[in-house]
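This report refers to the structure that appears directly beneath it.
Worth knowing before you read on, the calculation uses all heavy atoms, side chains too, and leaves out hydrogens, waters and symmetry mates. Keep in mind it's a predicted model, so treat the numbers as computed, not measured.
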Amino acid sequence: MTHFLRSRHAAILVGVGTAVADDPGLNCKILSPLSSSPEGVGNGKREQHPNQPRPIILDPSARWEVSEKSKVIQLARLKQGLGPFIFTAKKVEEVPEERRAVVEGVGGKYVRVEGLKAKGEGEGKGEGATSRESFAWADVLRTIKEEGLDSVMIEGGGSVINSLLALEQAGEQELVDSVIVTIAPTWLGAGGVLVCPPRVVGRDGQPAPPVRLRDVSWQPLGEDVVLCGKIL
């Protein structure tokens with residue numbers, strides 16, 4: 001399911017915490033149908049899916065020490081994924097030259113996002129921010145559009161998803177088209193990724209109404225169940 005969804009989006013986004021902790025590949029692992037020679041005879045080889053998403057990493061302070069050993073770089077070099085776009089609040093020329101060379105060498109780049117906010121100033125507290133700074137989601141999504149990407153799958157980590165869902169609950173902005181949740185018979189424990197947006201209080205001092213989904217569908221996948229829906 002995850003890789004099918006990745007193939008259906010122009011970009012896949014994670015926060016710097018996920019990039020540092022998990023070293024994700026951020027590609028689509030679905031293989032294309034059997035390829036054919038110019039003469040139309042199948043050569044029996046299956047190639048990487050042509051619809052690879054563009055990896056986007058939210059890294060306001062440019063702290064991710066991306067290198068040739070990073071999985072996303074290795075996959076891009078093998079033509080099994082795309083080079084990452086790293087969104088940062090720093091001027092691009094302030095990022096260490098060796099990191100820029102690694103990223104640009106596989107078709108990626110550092111992208112400066114304007115509008116950095118101090119925490120507590122409003123919307124969009126993104127993962128990977130410093131203790132006082134983060135991106136506003138409106139600025140992130142506008143930058144994604146300016147880069148020519150017309151859809152994005154927000155995959156993690158927990159604070160990235162929480163910050164986006166909190167905006168929806170507050171009714172401040174309608175930024176999410178759909179929500180997909182996989183429910184598995186597994187206890188992750190306290191160290192797992194916690195998706196639980198902060199409780200939102202309205203201007204009247206009362207808790208905002210809970211967010212509900214519409215057009216809900218449930219899809220069993222082995223022992224797992226996938227919940228899909230749109231926010232009311």
Is there a path of hydrophobic side-chain contacts, each under 4.5 Å between heavy atoms, that joins [X] and [Y]?
X      : Y      : value
Leu78  : Val72  : no
Val201 : Leu167 : no
Val152 : Val140 : yes
Met153 : Leu75  : no
Val181 : Val160 : yes

Check whether [X] reaches the backbone of [Y] with its side chain - one donor and one acceptor, N or O, closer than 3.5 Å.
X      : Y      : answer
His3   : Ile30  : no
Arg6   : Asn27  : yes
Asp204 : Gln206 : yes
Asp23  : Lys71  : yes
Thr18  : Gly157 : yes
Arg99  : Tyr110 : no
Gln52  : Cys28  : yes
Asp59  : Ile86  : no
Arg54  : Gly83  : yes
Arg63  : Val16  : no

Locate the shortest heavy-atom distance separating [X] from [Y]; write the atom from each residue and the value.
X      : Y      : result
Phe87  : Phe135 : O-CE1, 3.6 Å
Val106 : Ala76  : CB-CB, 3.7 Å
Ala10  : Asp150 : CB-OD1, 3.6 Å
Asp224 : Ala184 : OD1-CB, 3.4 Å
Ala89  : Arg112 : O-NE, 3.3 Å
Ile161 : Gly156 : CD1-CA, 4.1 Å

Residues forming a side-chain contact (heavy atoms from CB on, under 4.5 Å) with [X], sequence neighbours excluded:
X      : result
Pro209 : none
Arg214 : Lys230, Leu232
Ile180 : Leu5, Val226, Cys228
Val216 : Leu213, Trp218, Leu227

### Message
Any heavy-atom pair between the side chains of Val14 and Asp22 that's under 4.5 Å?
### Response
no
### Message
Would you say that Pro55 contacts Leu82 through its side chain, given a criterion of any heavy-atom pair below 4.5 Å between the two side chains?
### Response
yes
Residues in side chain to side chain donor-acceptor pair (under 3.5 Å) contact with [X], at least two apart in sequence or another chain:
X      : result
Lys90  : none
Arg142 : Asp139
Glu98  : none
Arg77  : Glu68

### Query
Considering residues at least two apart in sequence or located in another chain, which fulfil the salt bridge (charged side-chain N to carboxylate O under 4.0 Å, His left out) criterion with Glu104?
none
### Query
Listed by chain and number, what are the salt bridge (charged side-chain N to carboxylate O under 4.0 Å, His left out) partners of Lys109, not counting sequence neighbours?
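So Lys109 forms a salt bridge (charged side-chain N to carboxylate O under 4.0 Å, His left out) with Glu147.
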For the [atom1] atom of [X] and the [atom2] atom of [Y], what is their distance to the nearest 0.5 Å?
X      : Y      : atom1 : atom2 : value
Phe85  : Thr143 : CZ    : OG1   : 12.0 Å
Thr2   : Ile12  : OG1   : CD1   : 8.5 Å
Ile56  : Ile154 : CD1   : CD1   : 7.5 Å
Gln80  : Gln74  : CD    : CD    : 10.5 Å
Ile231 : Asp215 : CD1   : CG    : 12.5 Å
Leu221 : Ile183 : CG    : CD1   : 11.5 Å

### Within 6.0 angstrom of Glu223 CD, more than 12 heavy atoms from elsewhere
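Check fails, neighbour count at 12 or below.
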### Task
Taking atom CD of Glu97 as the centre, report whether more than 12 heavy atoms of other residues, nucleotides or ligands fall under 6.0 Å from it.
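No, the 6.0 Å shell around CD holds no more than 12 heavy atoms from other groups.
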### Query
Among pairs that include at least one residue of residues 178-187, which meet side chain to side chain donor-acceptor pair (under 3.5 Å), considering only residues two or more places apart or in two chains?
none
### Query
Between Leu13 and Ile144, does a side-chain contact (heavy atoms from CB on, under 4.5 Å) hold up when you go through it step by step?
CA-CA 10 Å; Leu13 182 149; Ile144 290 174; 4.1 Å; yes
### Intermediate values then yes/no, side-chain contact (heavy atoms from CB on, under 4.5 Å), Leu58 and Trp64
CA-CA 10 Å; Leu58 299 185; Trp64 181 35; over 6 Å; no
### Message
side-chain contact (heavy atoms from CB on, under 4.5 Å), that's the test. Do Thr88 and Val113 meet it? Break it down for me.
### Response
CA-CA 6 Å; Thr88 180; Val113 178; over 6 Å; no
### Task
Determine which pairs satisfy salt bridge (Lys or Arg N to Asp or Glu O under 4.0 Å) with at least one residue from residues 156-166, sequence neighbours left out, and list them in order.
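Listed once each, the pairs would be none.
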